[in-house]
Peer 1: 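Here it is: the structure, laid out below.
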Amino acid sequence: MESQTKTIIYQVFTRLYGNRNTTRKENGTIADNGCGKLNDFTPTVLKNIRQMGVSHIWYTGVIRHASQTDYTSYGIPRQHPAVVKGKAGSPYAITDYYDIDPDLAVDVKQRMKEFEQLVERTHEAGMKVIIDFVPNHVARQYKSICKPRGVKDLGEQDQTLHGFDPQNNFYYCPGERFAPYFDLYRGEPEPYLEEPAKATGNDHFDNAPGRNDWYETVKLNYGVDYYAGRIGHFDPIPDTWQKMTAILLFWAKKGVDGFRCDMAEMVPAEFWAYATKAVKKKFKNIIFMGEVYNPFEYRHYLESGFDWLYDKVGMYDTMRGVICHMESAHAITKAWQQTDDIRDHMVYFLENHDEQRIGSDFFAARAVKGVPGMIASVLMYKNPFMLYAGEEYGERGMDREGFSGNDGRTTIFDYWSIDTLCRAAQNKLTADEEQIFDIHQKTLQLARKEKAIVEGLTFDLMYVNHHLQRQYAFLRKADKELLLVVVNFEDQEAVIDVNIPTHAFDYMDIKEKNVIATDLLSKEKLAVRLKKDGSVRMSVPANNARVWKMKL
């Protein structure tokens, strides 16, 4: 039996993480801008990630996806640039579910072996491996060259004269050619040709996707007839269910410990119940993390076999509002209450590849403003926390990379390198960045080792602290250890009184007494009189926190 521990997921965009080429030419090729490799995750690099407090690494973008880089000399089919976003392409436009992206390999012919060795190294460093499973859509020119013997390719046996057929893998527009809003040549002598046109990944069912559609992808068919008003045909089991479950089992056999399932709610929950059951039967500890944005569907997807779900619409949006001074800190209480019954399954985060960097001009402009939100998100409850590589240094993401443009996000479409990661590798961080790293590392390490955080009770103190608008306070307790956590979203130091009600003493079995509290972040001491309906006076530094530990 594994000892209980806090789950800390570290998302790395694999192509960018180890790239130390700082050319950063807009719309640059792989030759111009370089590309990170699987082998950049050396035992030393992995040890450092582990030391930060990380339990799981999510390697984003390792399965082969559409790209404008030519690997035909290795027998890899070339993609038409008209249906690839950016020079490097989106990792969510998969071209072969059974292959590793050649960009990530030092020796392209050995790319699968390099991935298997990475899984081994990650496990040796004491962490688990999560990869993306992209179930809703594939690249327009999907073609598997690495599928196991006897496996039929997606679409290979489709009846293309039928717009919908329960056993087809794709949806079609019979008799119509693919005619999007853009030029189908994109500098090539021959145009991209698709006839009949397939439906586009974001549930766009005609032959002419627009600029904001996921035009580089095609929608997979799980037996739902969208043309007839979303009627499900799940008996007999649709062919796509079997093919996609086989793909999950293929990667689980490689030693992958979990799947982050892209746009999980665009795929019927019935499929997930079928697939998760089949995979967990053979690999009982495997984890499924779902990207589900509709709070009304959360419980439905958890019942269908998901272990964790993104808490985007609740906690992320709320914490962003509080960090940007758009909402009072009391909103955090409302956010966790929405998912109180399923809280241990909700993944808290402040950044990922879809969201803007905290330090960008589009979010808080200064990364330090996110620190109190990070500390609260990590220490509040027992549920997982996710950190995006670069966030721990205050990466700003204010680059104009090419297809991505300057939008405050770190690109997923271009060959690029991440400024703070490059400088961290050379010990050239600024004092502010070092401070941000230090507070992240301290907080994550606390979350992994403090019993009160790993398995303790939580008591939200906000209902008796109406005067706190820019601070958030709560208690954590396990055995004879009590933590009083107060985070400060203000840009200046706050001197405040935090009330602790009788109910907290009763609920957590706290005795009234005088104690000396130690702030686990700064090591400062504070004499505290624990008294029912009493208060604790303290100063909390700007954009920071106090984590007072008391032995009862």
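Computation of the quantities below employed the complete heavy-atom set of this structure, encompassing side-chain atoms and omitting hydrogens, waters and symmetry-equivalent molecules.
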Peer 1: Identify the two heavy atoms, one from Val322 and one from Arg470, that lie closest to each other, and give their separation to 0.1 Å.
Peer 2: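 Smallest heavy-atom distance, with atoms named: O-NH2, 3.1 Å.
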Peer 1: Is it the case that the side chain of Arg343 and the backbone of Trp336 share a donor-acceptor pair, with hydrogens and angles ignored and the cut-off at 3.5 Å?
Peer 2: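 Pair absent, no side-chain N/O of Arg343 close to backbone of Trp336.
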Peer 1: For Thr60, does its backbone N or O pair with a side-chain atom of Thr14 as donor and acceptor, under 3.5 Å?
Peer 2: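 Yes, the answer is positive, given that a donor and an acceptor are paired below the 3.5 Å cut-off.
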Peer 1: Do Tyr17 and Phe41 pass the ring pair (Phe, Tyr, Trp, His ring centres under 6.0 Å) test, and can you show the C-alpha distance, the side-chain angles, and the key distance before you say yes or no?
Peer 2: CA-CA 9 Å; Tyr17 186 84; Phe41 294 90; 4.9 Å; yes
Peer 1: I'd like to know if the side chain of Arg546 and the backbone of Asp519 have a donor-acceptor N/O pair within less than 3.5 Å.
Peer 2: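 Here the side-chain-to-backbone pair does not exist.
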Peer 1: Taking the six-membered ring for Trp, are Tyr388 and Phe349 closer than 6.0 Å centroid to centroid?
Peer 2: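 Between Tyr388 and Phe349, the centre distance exceeds or equals 6.0 Å.
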Peer 1: Quick one: does Ser304's side chain have a donor or acceptor within less than 3.5 Å of a partner on Phe271's backbone?
Peer 2: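 No; zero donor-acceptor contacts below 3.5 Å.
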Peer 1: Does Arg529, at its CZ atom, have more than 12 non-hydrogen atoms belonging to other residues, nucleotides or ligands within less than 6.0 Å?
Peer 2: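 No, not enclosed.
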Peer 1: Can you tell me if CZ on Arg20 sees more than 12 non-hydrogen neighbours from other groups inside 6.0 Å?
Peer 2: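 Yes, CZ of Arg20 has more than 12 neighbouring heavy atoms, counting only those of other groups under 6.0 Å.
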Peer 1: Would you mind checking if Asp533 and Lys531 are paired as a salt bridge, meaning a charged N to carboxylate O distance below 4.0 Å?
Peer 2: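 Salt bridge absent between Lys531 and Asp533.
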Peer 1: Donor-acceptor pair, Lys128 side chain versus Val256 backbone, under 3.5 Å?
Peer 2: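 Side chain of Lys128 to backbone of Val256, a donor-acceptor pair under 3.5 Å: no, none is there.
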Peer 1: Run the salt-bridge test on Glu355 and Arg409 with the 4.0 Å N-O cut-off and return the result as yes or no.
Peer 2: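 Salt bridge between Glu355 and Arg409, a charged N being under 4.0 Å from a carboxylate O: no.
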Peer 1: Applying side chain to side chain contact (heavy atoms under 4.5 Å, CB included), run through Glu392 and Tyr10 and close with a yes or a no.
Peer 2: CA-CA 10 Å; Glu392 69 273 33; Tyr10 189 55; 2.5 Å; yes
Peer 1: Backbone N or O of Val134 within a donor-acceptor pair of the Asp132 side chain at under 3.5 Å?
Peer 2: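 No: the side chain of Asp132 does not pair with the backbone of Val134.
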Peer 1: Is it true that His503 and Phe459 have ring centroids separated by less than 6.0 Å?
Peer 2: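 Yes, close enough.
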Peer 1: Please check: side-chain N/O of Glu297 versus main-chain N/O of Pro295, any donor-acceptor pairing under 3.5 Å?
Peer 2: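 No; zero donor-acceptor contacts below 3.5 Å.
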Peer 1: Grab the two heavy atoms, one from Ser535 and one from Asn499, that are nearest each other, plus how far apart they are.
Peer 2: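 The pair with the smallest heavy-atom distance is CB-OD1, 3.2 Å.
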Peer 1: Please determine which of Arg396, Met398, Arg320, Glu351 meets the side-chain contact (heavy atoms from CB on, under 4.5 Å) test together with Gln356.
Peer 2: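 Checked Arg396, Met398, Arg320, Glu351 against Gln356; only one passes side-chain contact (heavy atoms from CB on, under 4.5 Å): Arg320.
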Peer 1: Does this structure show an ion pair linking Arg476 with Glu450, if we count only N-O contacts that are shorter than 4.0 Å?
Peer 2: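 Answer for the salt bridge query: no.
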Peer 1: Does the Trp548 side chain pair with the main chain of Val528, one donor and one acceptor, at a distance under 3.5 Å?
Peer 2: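 Pair absent, no side-chain N/O of Trp548 close to backbone of Val528.
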Peer 1: Can you sort out the partners of Lys511 under salt bridge (Lys or Arg N to Asp or Glu O under 4.0 Å), two or more places apart, ordered by chain and number?
Peer 2: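 Partners of Lys511 under the salt bridge (Lys or Arg N to Asp or Glu O under 4.0 Å) test: Asp509.
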Peer 1: Roughly how far, to the nearest 0.5 Å, is the CZ atom of Phe489 from the CD atom of Glu327?
Peer 2: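 Answer for the CD-CZ pair, Glu327 versus Phe489, is 11.0 Å.
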Peer 1: Is there a side-chain contact between Ile496 and Met538 (heavy atoms, below 4.5 Å)?
Peer 2: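 Yes. Closest side-chain heavy atoms under 4.5 Å.
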Peer 1: Is Asp407 reaching over with its side chain to a backbone N or O of Thr411, donor-acceptor style, under 3.5 angstrom?
Peer 2: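 Judged by distance alone, no pair lies under 3.5 Å.
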Peer 1: Do NZ/NE/NH1/NH2 and the carboxylate oxygens of Glu512 and Lys532 come within less than 4.0 Å?
Peer 2: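 So Glu512 does not pair with Lys532 through a salt bridge.
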Peer 1: Is it true that, when you exclude Gln435 itself, more than 12 heavy atoms of the residues, nucleotides or ligands shown sit nearer than 6.0 Å to its CD?
Peer 2: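 Counting neighbours around CD of Gln435, 12 or fewer heavy atoms of other residues, nucleotides or ligands fall under 6.0 Å, so no.
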Peer 1: Would Lys451 and Asp479 pass as an ion pair if we require N to O under 4.0 Å?
Peer 2: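 Between Asp479 and Lys451 there is a salt bridge, with a charged N closer than 4.0 Å to a carboxylate O.
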Peer 1: Looking only at heavy atoms, what is the nearest atom pair of Val540 and Val486, with distance?
Peer 2: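 Closest approach of Val540 to Val486, heavy atoms only: CG1-O, 3.7 Å.
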Peer 1: Can you see which heavy atom on Ala473 is nearest to which on Val498, and at what distance?
Peer 2: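 Closest pair (atom of Ala473, atom of Val498, distance): CB-CG1, 4.0 Å.
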Peer 1: Would you mind reporting whether Thr122 and Ile49 have side-chain heavy atoms less than 4.5 Å apart?
Peer 2: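 Sidechains of Thr122 and Ile49: no contact.
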Peer 1: Is there side-chain contact between Leu526 and Val536, with at least one heavy-atom pair below 4.5 Å?
Peer 2: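 Answer yes - side chains close enough.
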Peer 1: Can you name the nearest heavy-atom pair linking Ser417 to Arg24, along with the distance?
Peer 2: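 Looking at all heavy atoms of both residues, the shortest contact is OG-NE, 2.9 Å.
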Peer 1: What residues form a side-chain contact (heavy atoms from CB on, under 4.5 Å) with His123, not counting sequence neighbours?
Peer 2: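 Scan of His123 (side-chain contact (heavy atoms from CB on, under 4.5 Å), adjacent residues dropped) gives Val119, Val129, Asp257.
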Peer 1: For the pair Tyr393 and Phe437, name the ring-plane relationship: parallel under 30°, tilted 30 to 60°, perpendicular over 60°.
Peer 2: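 It falls in the parallel class, under 30°.
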Peer 1: Name each donor-acceptor pair under 3.5 Å that joins a side chain in residues 375-387 to protein atoms two or more places apart or in another chain, with its distance.
Peer 2:
{"from": "Ser377", "atom 1": "OG", "to": "Gly373", "atom 2": "O", "distance (Å)": "2.7"}
{"from": "Asn383", "atom 1": "ND2", "to": "Met346", "atom 2": "O", "distance (Å)": "2.7"}

Peer 1: Relative to each other, are the rings of Phe306 and Tyr301 parallel, tilted or perpendicular (30° and 60° limits)?
Peer 2: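 Ring orientation, 0 to 90° scale: tilted.
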Peer 1: Is the side chain of His330 donor-acceptor paired with the backbone N or O of Leu468 at a distance under 3.5 Å, no angle test?
Peer 2: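 Present.
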Peer 1: Could you go through the salt bridge (Lys or Arg N to Asp or Glu O under 4.0 Å) check for Lys37 and Glu114 one step at a time?
Peer 2: CA-CA 9 Å; Lys37 306 292 177 191; Glu114 288 184 22; over 6 Å; no
Peer 1: Any side-chain heavy-atom pair from Leu249 and Val279 closer than 4.5 angstrom?
Peer 2: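 A side-chain contact under 4.5 Å exists here.
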Peer 1: Within the 4.5 Å heavy-atom criterion, are Asn21 and Cys35 side-chain neighbours or not?
Peer 2: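 Side-chain contact under 4.5 Å: no.
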Peer 1: Given Ile130, which partner from the list Trp308, Phe259, Tyr59, Phe288 fulfils the side-chain contact (heavy atoms from CB on, under 4.5 Å) test?
Peer 2: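 Answer after filtering Trp308, Phe259, Tyr59, Phe288: Trp308.
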Peer 1: State, yes or no, whether a side-chain contact exists between Asp432 and Val368 at a heavy-atom distance under 4.5 Å.
Peer 2: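 No - every pair of side-chain heavy atoms lies 4.5 Å or more apart.
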Peer 1: Check Gly456 against Ala478 and note the closest heavy-atom contact, atom names and distance.
Peer 2: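 Here Gly456 and Ala478 meet closest at CA-CB, 4.1 Å.
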Peer 1: Any carboxylate oxygen within less than 4.0 angstrom of a Lys/Arg side-chain nitrogen, looking at Asp317 and Lys312?
Peer 2: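 Result for this pair is yes, salt bridge flagged.
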